[in-house]
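Throughout, numbering of the chain's residues begins at 1 and tracks the sequence.
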Amino acid sequence: MGRFDIERLLQELGEPSAKAPKERSITEEPGIEPKASDSGVGAPIEAGIQAVESPVKIEPTVRADSAAASMPSAPAETDSRPPDFQTGNGLAEEIDPVIALDGDRLRPTRPDDALRDLFVPEDGPASVSGDLVDLLQRREVIDAGTVETARRLQVQSPDRPIATVLLEIGVEEAVVQSGVAELARIPFVQVESNAIESAQLQRLGIDYCLKHHVIPLKADGKRTVIGTPSPDDVFLLDDLKRRLGVSVVKHVLVCGGEVEEAIRGLNGDENPPSTDIESILADVEEDDVEFEKAEVADTDLEAEAESSPVVRYVNHIIQTALQEGASDIHIEPGEKTLKVRLRIDGILYESMNPPKKMHAALTSRLKIMANLDIAERRLPQDGRIRATVMDRRLDLRLSTVPTANGEKTVMRILDDQAIQVSLDELGFRDDTLMLWKKQIERPHGIILVTGPTGSGKTTTLYSSLRQMDMKRLNISTVEDPVEYNLPGVTQIQTHSMIDMTFARALKALLRQDPDVVMVGEIRDHETASIAVQAALTGHLVLSTLHTNDAPSSVTRLINIGVEPFLVGAALNGVLAQRLVRRICPACVEEVEVPDEMRDFLVVHGLDRSTLPQGHGCEACRNTGYSGRLGLYELLVFDDHLRDLIASSPNVTEFRRICCERGMVSLREDGFAKIAAGQTTVEEVLRVTEATI
């Protein structure tokens with residue numbers, strides 16, 4: 001059995017002669033001489049293998065992952081890693097060359113031979129700090145409201161990427177993808193039809209590209225450019241290399257919607273061969289194919305609605321709405337999405353995005369709670385839910401309507417604490433509050449509160465009733481529906497299905513010896529006539545009317561059919577109101593008034609160089625507003641105005657006369673509250689634009 005001649009091998013390799021200890025082959029064990037038959041190869045190959053490892057210097061303190069430390073004669077393999085991760089100081093020119101076997105000849109090779117095709121990114125910034133939302137906000141492509149919504153949804157759905165959340169709340173895909181690309185340090189490209197590599201597209205297949213949202217673009221030099229919507233899908237890139245037969249690709253980020261549009265556009269440009277429709281349909285009969293209608297089992301849907309996740313999610317929605325101080329909950333289905341929006345301080349904010357597949361179960365759960373028919377999805381339904389949330393008793397007025405994407409559900413939150421507010425806390429000016437208190441203390445007549453839906457009319461009426469002496473007076477109400485329970489007050493709810501209308505209920509109440517009657521709304525001639533008769537026969541009647549301002553209520557009653565002289569005789573006063581958002585006290589600051597607004601403020605009697613405004617904080621959800629207050633326009637009728645009403649005046653002329661006689665308009669009251677630092681010019685103009 002022969003031994004390796006190290007001296008001879010080193011001379012063949014051109015190395016200087018040196019004494020070396022005996023080397024042991026891989027199969028050699030201590031104390032056992034290796035045999036030629038053990039290795040399975042001839043002596044020349046063994047010599048070549050042994051010669052490969054000789055020049056490589058292996059120190060005892062080599063890397064932990066080097067398993068050859070205990071076997072110094074193991075054959076060395078070509079290290080294909082980048083030079084920075086090899087031995088020494090990381091410089092390729094200072095690394096000893098590795099000897100590779102080339103047939104029977106030995107040739108030196110360099111480590112960077114294996115990296116010849118490796119893609120190196122273009123030079124760019126070393127790093128981009130912050131996350132995607134911060135980056136887009138720094139670019140000023142999304143506003144503070146979008147940032148707040150995205151942060152809230154991200155906290156509620158931590159398993160979803162922030163890019164997906166931004167897309168769901170309406171941020172453009174190109175804006176989101178450009179930010180993702182910058183953070184991932186890869187190029188972002190907007191797809192154009194003329195930039196697509198048609199040959200590579202056909203090789204991948206249109207169906208494959210549409211399924212994975214990938215697209216081959218024009219080559220960049222010798223590299224194949226591949227666009228995908230995801231920056232980190234390594235397995236997809238490996239699959240693309242295999243399908244295209246290339247060793248390296250240049251990865252760029254694209255918009256998924258643009259990919260689909262571009263591919264379908266190319267596919268649509270192809271002219272399909274003309275076909276004879278009659279010949280195709282000749283052998284097809286109507287009964288050859290039978291269609292089955294997909295039906296949703298009500299029992300399964302009911303069981304799903306009663307399941308623990310659905311029940312807990314409904315509870316979560318209601319609790320969140322109560323904590324945020326919302327007045328309404330909107331559950332709105334889209335084609336592929338489901339949104340939950342909350343109306344806070346009169347403005348709708350997107351709060352949650354539950355999975356679309358939960359829509360039917362959530363709606364059914366709410367219907368079960370309101371004792372509605374879960375099988376009826378084609379007609380609108382109304383119901384009521386009584387619940388106790390966080391030790392607070394709530395009434396939820398539920399309404400469902402069928403839409404193209406499923407049933408939309410809206411819940412009005414009726415919180416008893418919302419009406420536990422005195423007249424002094426509603427935002428009345430001192431003189432207006434004094435006049436209103438005198439009106440509700442009068443023994444007879446009609447007092448109207450006017451304004452659009454959601455302007456606080458019910459709260460004002462309930463607070464006025466609570467101001468009265470309920471022990472001495474018999475107070476009754478007719479409402480549709482009864483929103484709040486008032487102790488000591490007889491409350492009647494109308495039912496149109498059994499012909500229990502406002503007029504019929506009001507007639508019945510007049511036989512109950514009432515002192516004060518509150519009618520939810522005067523809608524028709526019959527109700528208005530009975531209310532006028534009750535006021536003229538010694539009862540105080542409070543009601544609501546839908547008009548833009550106080551003087552318009554007179555014209556409205558005349559148009560309903562009440563005689564003008566009866567309107568003038570019965571009406572005591574009309575209060576028009578709106579709700580505006582208060583400036584958040586936690587983040588209020590003085591802001592300089594722009595020059596273009598300065599003249600406008602001077603016209604309205606407000607000559608100020610600075611005005612208070614909220615800049616946004618966590619307490620107000622970065623809106624600058626927290627809570628609401630009322631703007632009021634109180635019209636009190638005197639003998640001159642009663643005589644004028646009898647002649648059925650024009651509403652514009654009548655309003656001018658009312659202002660001349662001291663009526664403070666909604667806008668004037670609003671600018672007084674601006675001067676007091678309670679609200680902003682934008683809020684006052686938002687709610688009073690129609691009154692000018």
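- Closest heavy-atom contact between Val314 and Met369: CG1-SD, 4.0 Å.
- Ser463 places a side-chain N or O within donor-acceptor distance of the main-chain N or O of Val421, the cut-off being under 3.5 Å.
- Between Asp131 and Arg151 there is a salt bridge, since a side-chain N of the basic residue sits under 4.0 Å from a carboxylate O of the acidic one.
- Between Phe600 and His604, the ring planes are tilted. Angles from 30° to 60° get that label.
- In this structure, the side chain of Thr544 engages the main chain of Gly520 through a donor-acceptor pair within 3.5 Å.
- The minimum heavy-atom distance linking Glu633 with Ser665 is given by the pair OE1-CA, 3.2 Å.
- Here the shortest heavy-atom pairing between Ala370 and Ile385 reads CB-CG1, 3.7 Å.
- The two residues Gly670 and Leu631 come nearest to each other via the heavy atoms CA-CD2, 3.6 Å.
- Side chains of Arg139 and Ser178: a donor on one and an acceptor on the other come within 3.5 Å.
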*Please assess Ile318 against Leu322 for the test side-chain contact (heavy atoms from CB on, under 4.5 Å), listing each intermediate value before the final yes or no.*
CA-CA 6 Å; Ile318 298 174; Leu322 192 62; 5.6 Å; no
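- Side-chain contact between Leu557 and Val532: absent, with no pair of heavy atoms (C-beta onward) separated by less than 4.5 Å.
- Defined by atom type and a distance below 3.5 Å, a donor-acceptor pair is missing between the side-chain atoms of Thr490 and Gln512.
- With hydrogens and angles disregarded, no donor-acceptor distance shorter than 3.5 Å links the side chain of Arg412 to the backbone of Ile329.
- Relative to the six-membered ring of Phe502, Arg523 misses at least one condition, a distance below 6.0 Å or an angle of at most 45° to the axis.
- The two residues Cys587 and Gly616 make their nearest non-hydrogen contact at SG-N, 3.4 Å.
- Heavy-atom minimum distance, Gly325 versus Ile344: O-CG2, 4.4 Å.
- Taking a cutoff of 4.0 Å between a charged side-chain nitrogen and a carboxylate oxygen, Glu682 and Arg686 do not qualify as a salt bridge.
- The CG atom of Leu629 sits 9.5 Å away from atom CG of Leu426, with the distance rounded to the nearest 0.5 Å.
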Checklist line | Pair Glu350-Arg341, side-chain contact (heavy atoms from CB on, under 4.5 Å): steps then yes or no | finding: CA-CA 4 Å; Glu350 187 170 340; Arg341 297 199 293 171; 4.3 Å; yes
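- Partner of Glu683 under the side-chain hydrogen bond (donor to acceptor under 3.5 Å, both in side chains) criterion, out of Arg582, Arg628, Arg581: Arg581 alone.
- How far CG of Leu634 is from CE of Met434: 10.5 Å, rounded to the nearest 0.5 Å.
- Note that CG of Leu641 is 8.0 Å distant from CD1 of Ile657, once rounded to the nearest 0.5 Å.
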Review point. Step by step, would you call Val687 with Leu579 a side-chain contact (heavy atoms from CB on, under 4.5 Å)?
Key: CA-CA 7 Å; Val687 301; Leu579 290 178; over 6 Å; no
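- The CZ atom of Arg442 lies 8.0 Å from the CD1 atom of Ile447; values are rounded to the nearest 0.5 Å.
- Of the possible polar contacts, one joining the Gln577 side chain to the Ser455 backbone as a donor-acceptor pair under 3.5 Å is found.
- Under 4.0 Å is where a charged nitrogen must lie from a carboxylate oxygen, and between Asp134 and Arg138 no such pair does.
- From Asp515, atom CG reaches atom CD1 of Ile475 across 8.0 Å, with rounding to the nearest 0.5 Å.
- Classification of Glu441 and Lys438 as a salt-bridged pair fails, no side-chain N sitting under 4.0 Å from a carboxylate O.
- The distance from atom CD of Gln491 to atom CD of Glu479, rounded to the nearest 0.5 Å, is 5.0 Å.
- With Lys408 contributing its side chain and Ser399 its backbone, the two residues share no donor-acceptor pair below 3.5 Å.
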### Task
Start with the C-alpha gap between Phe671 and Leu601, add the side-chain angles, then the distance that decides, and say whether side-chain contact (heavy atoms from CB on, under 4.5 Å) holds.
CA-CA 9 Å; Phe671 274 89; Leu601 296 179; 3.6 Å; yes
